2 protein chains.
Amino acid sequence: MPGPDQLGPAPRNRLLASLPPDDLARLLARFEPVELPLRRVLLGADQEIDAVYFPETCMISMIAALDGGDAAEVGLVGREGMVGIPLLLGSDRSPTEAMCQGSGIALRLSTSAFREEMDRSLVLRTTLLRYAQAFLEQVTQTAACNGRHLLEQRLARWMLMAHDRAEGDAFQMTHEFLAMMLGVRRAGISVAAGTLQKAGLIRYERGRMLIADRPGLEHASCECYGVVRRAYDRLVGPP
Amino acid sequence: MPGPDQLGPAPRNRLLASLPPDDLARLLARFEPVELPLRRVLLGADQEIDAVYFPETCMISMIAALDGGDAAEVGLVGREGMVGIPLLLGSDRSPTEAMCQGSGIALRLSTSAFREEMDRSLVLRTTLLRYAQAFLEQVTQTAACNGRHLLEQRLARWMLMAHDRAEGDAFQMTHEFLAMMLGVRRAGISVAAGTLQKAGLIRYERGRMLIADRPGLEHASCECYGVVRRAYDRLVGPP
DNA sequence: GCCCGGCCGTACGGAACCGGACCGACACGT
DNA sequence: ACGTGTCGGTCCGGTTCCGTACGGCCGGGC
C-alpha cells in the first residue's frame, strides 16, 4: 500500500484534488505531464479526441468555428476542469477546438487509458459528470450573454474568468485574440479595454494584460460572471 | 416474459425508441403520460428538479433568465430528447427554465424513479449521456450564433428547429414570444418574419406560423441549423 | 542603423438593432 | 353590438458595433 509520500505533490487541478487517494494514485501513475505553449491546439474542431487534459497551471479556450473563418469562444478551462468532455459523454470527437490561452502544465491521459479509468471508478465518473454540468452551465450563460450585454461588460467578464484560471494577476493576451474570442473587431476591444484601463480596473501593454482592481472589475462585468462562478463552486467545489 | 403486444404502441420519443425492449418496458411501466399545455413551465430556473420528461408530441424551450427580466432560449427539446439533463449529470437543480412551446404529450418520470432506472441500466445511461452531448453542442452553437448572425438568419434557424420538433408544418407562436427567445424586440421579429413571408418561405397570422418552403428556409438560415442537426443525427440517431 | 512585423490608438460612414410608441385588425366574451 | 385584450405593421431618434483604414510605437533581425 503506497503511502502519501509516494504520490508526489498534490495536483493543483481541482477535479483531481477532490478524488479519493486511491483513485487519484491510479490516475497519477498514468498521466503524462505536458508543457503547453501559447496557442497550442489540443483538440481540433470535429476531429477525433486522442487524449484528455487536466490543466495544472495552464488555461484553455474552447472555441467554436463558424463558416466565414469566424470563431467564438464558448468556454474557458483551467484548474477547475478538464478538456475532453465529449469523451466523457460518449462521443469520440470534439465539435469545438481547444486552444491554449495561458501557457503552463497539463496532465495528459490517452483516450484508451481514460476510458479504462472511467470504467473502473464510479467516483471518477461522478466527479467528471458534475464538471460537465458546470461546463454546460458556462456555455449556457455565454449563449445568453452574447449579443445581450455590452462589449465592455463582456470584456470585464472575460478578464475575471481568466484571472480565476491564471497563475497571477497578469497574463499574455492581445486585443486581436480577445476580439476573436468575443466575436468583435479588434478595434472594439481597444476601445473597451481603454475604457476599463482609464477607470483603473485593468492595465495592459503590447500583448500583456493585468487585473488592477478586481472588485471594480466585478462591478463593471455583467452578472454572467457571478452566475457561472457560483455554478462551479457548487458543482466542482470552491477553489 | 411480456410479449411486444403488452408494451403498447412504440414511443415516438427517439431516445426511448432506441432502447432495447426490456429496458424500454421497464421504463414504460413507470412513466406517467402528461398533456402539456402551451406555456406550461416544467422546471423553474434554479429550482429542484422533481421529474424528468420525455416529449412524445410536445416541444419544450430551455430558457436562461438574465437579470433585468430578460431571457434567452438556449435550446429546444422535442422527440429527439429529454428535459432534465442536470439530473443525469449529477446536479439536482436546473439553471434554466423549461417551458412548453408546443402543446402535446410527454412521458413523465419522477426524480427518484429516474435515479433508480439510471442506476439499473447501463444502456440507458449511455444513451442519455450521448443526448447530453448533443444538447451541449446545440447550446454551443447557439452561443456562437447569437450576436454574429443576422436576426433574419437566426429566425429562419429557429423555424427549422421548431419544424423538426413539431407535428406538422404549422404551430402556434407569436412574434412576442419569438422576440423573447431570440433576445430581440418584438418589432424586430415582425420585420424579419415579414421579409421571410414576402419571400414565400413562411406564412403566419395572429399567433400561428407555418413553414411554406423548407428548402428555401434552410438556404435563408445560417449554417448553425445544419451543424446542430448533424450532431443530433450522429449522436441520437436519424429520425 | 534600418527595416519590418506585431501591436495598439483612432477616426468615419454605415448597418443592425434598440426603446418607445402609435395604430389597425382580429378574437372573444358579454 | 360593443368593449377589451392580444397580435402585428410601422415609424422615429438613438446606440452599439461593423468595415475599413491610417498612423504611431515598439522589438527583433539583417
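All of these numbers come straight from a predicted model, not from anything done at the bench. Naming convention: chains lettered A, B, ... in sequence-line order (proteins, then strands); numbering from 1 in each chain. Atom set for the values below is all heavy atoms of this structure, side chains included, hydrogens, waters and symmetry mates excluded.
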Specify the separation, in whole Å, of atom [atom1] of [X] and atom [atom2] of [N].
X        : N      : atom1 : atom2 : value
B/Met180 : D/dC7  : CE    : C1'   : 16 Å
A/Ile189 : D/dG19 : CD1   : C1'   : 16 Å
A/Glu152 : D/dT16 : CD    : P     : 10 Å
B/Arg148 : C/dA15 : CZ    : C1'   : 17 Å
B/Leu155 : C/dC17 : CG    : P     : 11 Å
B/Leu178 : D/dC7  : CG    : C1'   : 13 Å
B/Asp70  : C/dC18 : CG    : C1'   : 12 Å
B/His149 : D/dC18 : NE2   : P     : 14 Å

Heavy atoms from C-beta onward define the side chain here; which of [options] lies closest to that of [X]?
X        : options                : value
B/Leu150 : C/dC8, C/dA11, C/dA16  : C/dA16
A/Arg185 : C/dG19, D/dT20, D/dG9  : D/dT20
B/Val184 : C/dC18, C/dT10, D/dG8  : C/dC18
A/Arg186 : D/dA21, D/dC11, D/dT10 : D/dA21

Please check this pair: side chain of B/Asp213 against backbone of B/Gly200, looking for a donor-acceptor N/O pair closer than 3.5 Å.
no

When you check the gap from the basic side-chain N to the acidic O, do A/Glu56 and A/Arg79 get nearer than 4.0 Å?
no

Below 4.0 angstrom, N of the basic side chain to O of the carboxylate: do B/Asp164 and B/Arg229 qualify?
yes

Has A/His175 got a side-chain N or O lying under 4.0 Å from the OP1 or OP2 atom of C/dG6?
no

Under 3.5 Å, is there a donor on one side chain and an acceptor on the other for B/Glu73 and B/Ser61?
yes

Using a cut-off of 6.0 Å, state whether more than 12 heavy atoms not belonging to A/Glu32 lie near its atom CD.
yes

Flag side-chain contact, heavy atom, 4.5 Å: A/Tyr131 against A/Leu88
no

Classify [X] by what it touches in the nucleic acid, base, sugar-phosphate, or nothing, heavy-atom distance under 4.0 Å.
X        : value
A/Ala187 : base
A/Gly147 : nothing
B/Leu151 : sugar-phosphate

Near DNA chain D, under 4.0 Å by heavy atom, which residues of residues 197-211 of chain A?
A/Arg206

Between A/Phe114 and A/Phe54, what is the ring plane arrangement, given parallel below 30°, perpendicular above 60°, and tilted in between?
tilted

